[in-house]
Amino acid sequence: MTTAKEALRVVGQAVIDKKSYLTDLDQAIGDGDHGINMARGFESVFKKIAVLDDNIDLTTLLKTVGMGLISSVGGAAGPLYGTAFLRASGVCAGKTEIDAVTAKAMLDAAIKGIQDRGKAKKGEKTMLDALIPASEAMDIAIKAGKTEVECLADAVQAAQKGVEYTKTIIATKGRASYLAERSIGHQDPGATSSTVMLEALYNYLE
Amino acid sequence: MTTAKEALRVVGQAVIDKKSYLTDLDQAIGDGDHGINMARGFESVFKKIAVLDDNIDLTTLLKTVGMGLISSVGGAAGPLYGTAFLRASGVCAGKTEIDAVTAKAMLDAAIKGIQDRGKAKKGEKTMLDALIPASEAMDIAIKAGKTEVECLADAVQAAQKGVEYTKTIIATKGRASYLAERSIGHQDPGATSSTVMLEALYNYLE
Amino acid sequence: MKKIINNPDNVVEEMLNGMVVSQPQYLKRLEGFDVVVRADKKNSKVALVSGGGSGHEPSHGGFVGRGMLDAAVAGAVFTSPTPDQIYEAIKAVDTGKGVLLIIKNYSGDVMNFEMAAEMAAADGIEVEKVITNDDVAVENSTWTTGRRGIAGTVLVHKIAGAKAESGAALADVKKAAEKVIANERSMGMAIEPCTVPAAGKPSFTLADNEMEIGIGIHGEPGTHRESLKTADEIAQQLVDKILAENIYGTGDEVAVLVNGLGATPLMELYIVSAKVQAILKEKGLKMVKTYIGNYMTSLEMAGCSVTLLKLDNELKELLFAPADTPALVQF
Amino acid sequence: MKKIINNPDNVVEEMLNGMVVSQPQYLKRLEGFDVVVRADKKNSKVALVSGGGSGHEPSHGGFVGRGMLDAAVAGAVFTSPTPDQIYEAIKAVDTGKGVLLIIKNYSGDVMNFEMAAEMAAADGIEVEKVITNDDVAVENSTWTTGRRGIAGTVLVHKIAGAKAESGAALADVKKAAEKVIANERSMGMAIEPCTVPAAGKPSFTLADNEMEIGIGIHGEPGTHRESLKTADEIAQQLVDKILAENIYGTGDEVAVLVNGLGATPLMELYIVSAKVQAILKEKGLKMVKTYIGNYMTSLEMAGCSVTLLKLDNELKELLFAPADTPALVQF
Ligand SMILES: Nc1ncnc2c1ncn2[C@@H]1O[C@H](COP(=O)(O)OP(=O)(O)O)[C@@H](O)[C@H]1O
Ligand SMILES: Nc1ncnc2c1ncn2[C@@H]1O[C@H](COP(=O)(O)OP(=O)(O)O)[C@@H](O)[C@H]1O
Ligand SMILES: [Mg+2]
Ligand SMILES: [Mg+2]
Ligand SMILES: [Mg+2]
Ligand SMILES: [Mg+2]
């Protein structure tokens with residue numbers, strides 16, 4: 001049986017496992033701390049959720065994750081991912097089952113949260129370039145009547161394509177924007193960590 | 001025909017030519033500036049003697065060299081060599097020909113000057129370990145009735161042996177003394193520069 | 001990675017501890033937080049809070065003291081501190097006269113400080129913020145995040161600090177800070193990278209004959225790479241870029257900050273400064289005050305930045321006002 | 001060799017120029033000499049002259065100013081200045097009350113300063129000298145040159161400077177300086193060497209996991225090489241060697257100087273200082289003042305030294321007296 005807590009653990013662990021990979025990506029076009037920041041964040045989150053009931057509801061869990069990330073990650077990713085989890089938590093309040101439509105609504109709330117904080121849009125070489133395509137793909141999949149897991153699979157694929165796309169564009173938000181043309185050819189660390197999380201969730205649920 | 005000025009030029013040039021060699025020796029057991037210091041000194045001396053008459057007397061010449069070295073070399077070598085040349089200058093005052101006995105008296109005055117300033121004796125891994133054996137060898141050569149150039153040849157040989165000897169002993173004067181046992185195996189830069197000067201003088205006169 | 005540390009994951013904690021136990025006359029730790037505050041008794045005035053990632057020492061903790069900051073918040077190395085930490089700093093130093101946040105312009109710093117400001121505002125604390133963006137290496141366009149805040153931030157600490165110490169109201173302290181920001185520009189370069197302790201390897205590599213121009217203060221690469229030039233050429237290049245902003249003109253009085261990035265000997269900074277002064281003099285500027293040394297560093301990066309600040313009478317008086325902090329004392 | 005310079009042979013000249021054009025409120029150049037003197041009007045007091053090879057910046061020019069030195073003489077990099085330069089400095093600052101020379105214990109420095117003292121004495125100037133020898137890395141035996149003078153020299157500048165400023169006679173200023181020398185000890189280490197500009201290559205090489213213990217300030221190798229330890233172990237090792245001198249006991253008031261050798265970030269110095277303070281506290285010493293930063297450097301060497309000075313009431317009062325110099329301001 002899958003629990004929200006277990007799913008979160010798998011997602012967090014995937015990010016922690018990619019710590020040096022994400023850091024290397026950030027060294028190329030940022031300040032080389034994205035993996036370190038995210039790993040510190042999820043380790044802190046793991047401590048916070050350890051005291052929660054194993055069958056804790058998703059809303060409480062995501063709120064704990066959001067608050068935990070905000071108070072431990074720092075940098076740009078902390079407020080952005082923290083806000084994303086908090087907003088997603090709001091959407092699933094009261095629900096016991098998460099269907100594809102709810103899942104997409106949660107993702108969209110997360111994206112909205114990231115945009116409220118970070119003022120970025122698609123094509124600026126940020127995590128949004130993974131998340132927005134993921135949401136769009138889910139939308140199409142839902143309309144095509146796919147199962148939840150199939151929808152998620154499509155979202156993951158779109159996010160992965162989004163990461164590839166970030167290699168081709170100039171960053172205009174975040175630290176990488178200081179590099180202008182020099183940022184081309186490098187994939188965005190935040191888009192990558194977003195995709196790592198989606199992939200982990202998919203692998204867990206599938 | 002040899003002139004004092006020309007001889008001095010040859011001696012100084014020999015030191016300048018060994019600039020990096022002497023600096024390397026000083027890097028091993030000192031602060032890596034002996035060649036730089038001595039080269040700067042002789043370059044400054046060259047400028048000072050350029051304005052002197054080509055047939056300037058040895059006393060005036062050596063005094064100029066001594067003053068020149070004192071005001072341009074700095075470090076330990078500046079006051080020591082400077083004093084040495086000044087003292088040697090005192091000995092040859094009024095002489096037009098320098099025989100072996102006078103030459104040795106000049107060398108001894110130089111040694112005495114170095115000891116007055118630096119308070120070192122033989123066996124402390126300094127320039128004295130080249131100069132004192134050179135003087136001793138000259139003494140024997142003079143007593144054996146050798147020619148001036150032969151006397152100088154013996155002095156050079158003794159100085160060279162002295163340099164080899166410095167490799168075997170611990171420094172107890174100068175910067176190399178801070179290294180204690182670690183100074184063993186390395187030859188003394190000052191003993192080496194003294195020997196370079198004697199060799200150059202011999203090669204010129206021979 | 002070669003560093004004199006104990007554990008890459010503890011450097012900030014141990015550094016903050018070292019700061020307060022070494023200089024208790026200046027600093028104390030906000031128990032349980034990565035925040036240092038002034039050791040002396042709070043007096044009723046506008047409070048100044050700054051901070052950012054660690055690794056820029058003496059910024060910002062070194063500028064906490066009379067005439068400058070009231071609190072500095074230390075994030076992980078090169079990582080903006082989190083809102084809860086900043087929020088605690090704000091609460092600790094507010095005396096009811098309000099708090100000014102001095103933030104360097106990075107997405108992360110701006111977002112975290114803004115979240116903290118929202119939290120403090122919810123408590124009824126009057127909070128204002130200024131965002132420093134002196135780095136002309138980065139083009140300021142509506143498309144981008146805008147220019148970065150680098151060494152010029154210290155001059156904002158100095159001048160806003162003096163204004164606050166004079167008893168001015170929050171709005172006026174903010175105005176003075178904004179005037180500094182409007183009138184200062186910086187440009188930096190590096191000849192050696194630095195290594196984030198937790199990352200364990202240099203942030204970039206440079207060949208023996210290369211330098212990075214337009215470098216930031218987080219080990220990130222600069223705007224471009226060139227073959228290593230002489231100190232004079234480097235000074236010229238940095239100053240030219242600053243003067244191209246067209247805010248400094250003949251007869252202007254300016255303050256100059258020749259800032260070392262961490263591993264550059266003072267000897268080299270003096271050599272750069274000699275040329276900077278010569279260029280500015282030639283240009284007809286009057287240098288009324290020059291700071292030279294490590295003010296805003298990037299761990300052990302070797303390199304320097306030059307900052308120019310145009311002064312009017314108010315700024316000049318505030319710049320020359322007394323300060324007593326671990327890293328800047330003036331009287 | 002990677003440096004921000006113009007020409008290895010001109011670094012001293014250009015640095016001195018940079019110093020005086022950048023900080024004219026503090027320093028002026030003795031025209032034609034490698035000497036900086038106080039920019040303010042001479043007042044009638046005992047004058048202090050120090051100096052040595054260049055490459056130790058801010059030592060010594062950075063400590064020329066009110067409450068510290070009156071003149072600093074700059075030799076070539078790591079090479080004692082020549083007597084004629086020192087002689088000019090002495091003449092320039094003497095006001096008839098006599099001049100104290102503060103010399104670091106190196107054969108070259110001692111000989112050159114002594115020759116200058118003889119020249120000045122011949123002019124009828126009253127000249128005294130003290131020789132600093134705080135480095136416990138080097139054994140002090142009758143066979144050797146004796147201990148070296150390193151970072152502790154700055155504390156002699158500070159305290160003798162305050163004594164001179166108080167109007168004390170030459171003999172008393174000298175006595176205060178000698179009291180500092182008798183009561184201070186230092187010990188240093190390095191993790192990276194430095195490169196003398198004119199030599200063009202590092203003074204020694206260290207593997208990635210090696211450090212030199214008992215390092216001097218001229219790029220010379222230390223007393224021995226070890227594998228790199230943690231900051232705590234390094235601090236312990238340096239302090240142990242100092243405490244082994246048996247001049248510091250429970251209840252003693254001490255000043256601490258945690259000195260960077262040039263390329264070591266302040267972050268690391270704070271981490272070292274945290275441990276130094278802990279050890280000394282444990283030992284029952286009272287740290288009344290700690291200086292942390294680059295005071296006596298060795299170009300871009302990475303490393304640090306720790307200095308301990310035992311204070312009596314006189315020394316304490318003089319240590320806390322005001323100073324206003326480019327590199328040390330206190331009030
Ligand atoms: N304004 C923004 N909107 C959305 N994402 C952003 C924004 N700024 C930065 N990011 C994301 O944050 C990532 C960097 O995170 P991180 O390295 O942890 O923070 P920092 O840049 O402060 O060091 C980038 O790769 C990018 O995806
Ligand atoms: N007290 C002394 N007496 C004689 N020679 C000395 C003394 N001290 C140093 N020397 C000589 O000086 C040399 C070093 O000269 P140099 O490197 O120019 O000066 P410094 O040691 O000040 O850098 C040593 O190799 C040694 O031969
Ligand atoms: Mg980053
Ligand atoms: Mg030497
Ligand atoms: Mg960061
Ligand atoms: Mg030397």
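First the proteins, then the strands, lettered A, B, ... as listed; each starts at 1. FYI, side chains are in, hydrogens and waters are out, and symmetry mates aren't considered; it's all heavy atoms of this structure.
- With a threshold of 4.5 angstrom between heavy atoms, K281(D) does not approach chain C through any atom at all.
- Of the listed residues L228(D), D208(D), V12(D), the one with more heavy-atom pairs under 4.5 angstrom with chain C than any other is D208(D).
- For A207(D), the part sitting under 4.5 Å from any heavy atom of chain C is the backbone (N, CA, C, O) and nothing else.
- When heavy atoms are compared at a cutoff of 4.5 Å, M19(D) approaches chain C by way of both its backbone and its side chain.
- Environment of CD in E210(C): crowded, with over 12 heavy atoms of neighbouring residues, nucleotides or ligands closer than 6.0 Å.
- For A74(D), no part sits under 4.5 Å from any heavy atom of chain C, backbone or side chain.
- Of the listed residues M301(D), M1(D), K275(D), E268(D), the one with more heavy-atom pairs under 4.5 angstrom with chain C than any other is E268(D).
- Looking at E300(D), the atoms closer than 4.5 Å to chain C (heavy atoms on both sides) sit in the backbone and in the side chain alike.
- Heavy atoms of I191(D) lying under 4.5 Å from chain C belong to its backbone as well as its side chain.
- In this structure, the separation between NZ on K2(D) and CG on L206(C) is 4.5 Å, given to the nearest 0.5 Å.
- Closest non-hydrogen pair, A231(C) versus N6(D), comes out as N-OD1, 3.2 Å.
- Taking each heavy atom of V21(D) and A274(C) in turn, the nearest pair found is CG2-CA, 4.0 Å.
- Contacts of E13(D) with chain C are absent, with no heavy-atom separation under 4.5 Å from either backbone or side chain.
- Between chain C and the options I292(D), D232(D), N17(D), the largest number of non-hydrogen pairs under 4.5 Å is found for D232(D).
- With a 4.5 angstrom heavy-atom cutoff, T297(D) does not touch chain C via any of its atoms.
- In this structure, chain C has a heavy atom under 4.5 Å from the side chain of V77(D), while its backbone stays farther away.
- Atoms CD1 and CG, from I271(C) and L16(D) in turn, are 9.5 Å apart once rounded to the nearest 0.5 Å.
- In this structure, the separation between CD on E233(D) and CD1 on I4(C) is 13.0 Å, given to the nearest 0.5 Å.
- Shown here for Q330(C) and F331(D), the closest heavy-atom pair between the two residues is O-CE2, 3.4 Å.
- S22(D) pairs in a side chain to side chain contact (heavy atoms under 4.5 Å, CB included) with only one of the listed residues (T290(C), L269(C), V272(C), V276(C)), which is T290(C).
- In this structure, the side chain of E57(C) does not engage the main chain of M267(D) through any donor-acceptor pair within 3.5 Å.
- Proximity to chain C (any heavy atom under 4.5 Å) is restricted, for M189(D), to the side chain, taken from C-beta onward.
- For N10(D), no part sits under 4.5 Å from any heavy atom of chain C, backbone or side chain.
- Put simply, of K3(C), K289(C), M287(C), K229(C), the one with the most heavy-atom pairs under 4.5 Å next to chain D is K3(C).
- Note on I234(D), V256(D), V20(D), T230(D): by heavy-atom pairs under 4.5 Å with chain C, the leading option is T230(D).
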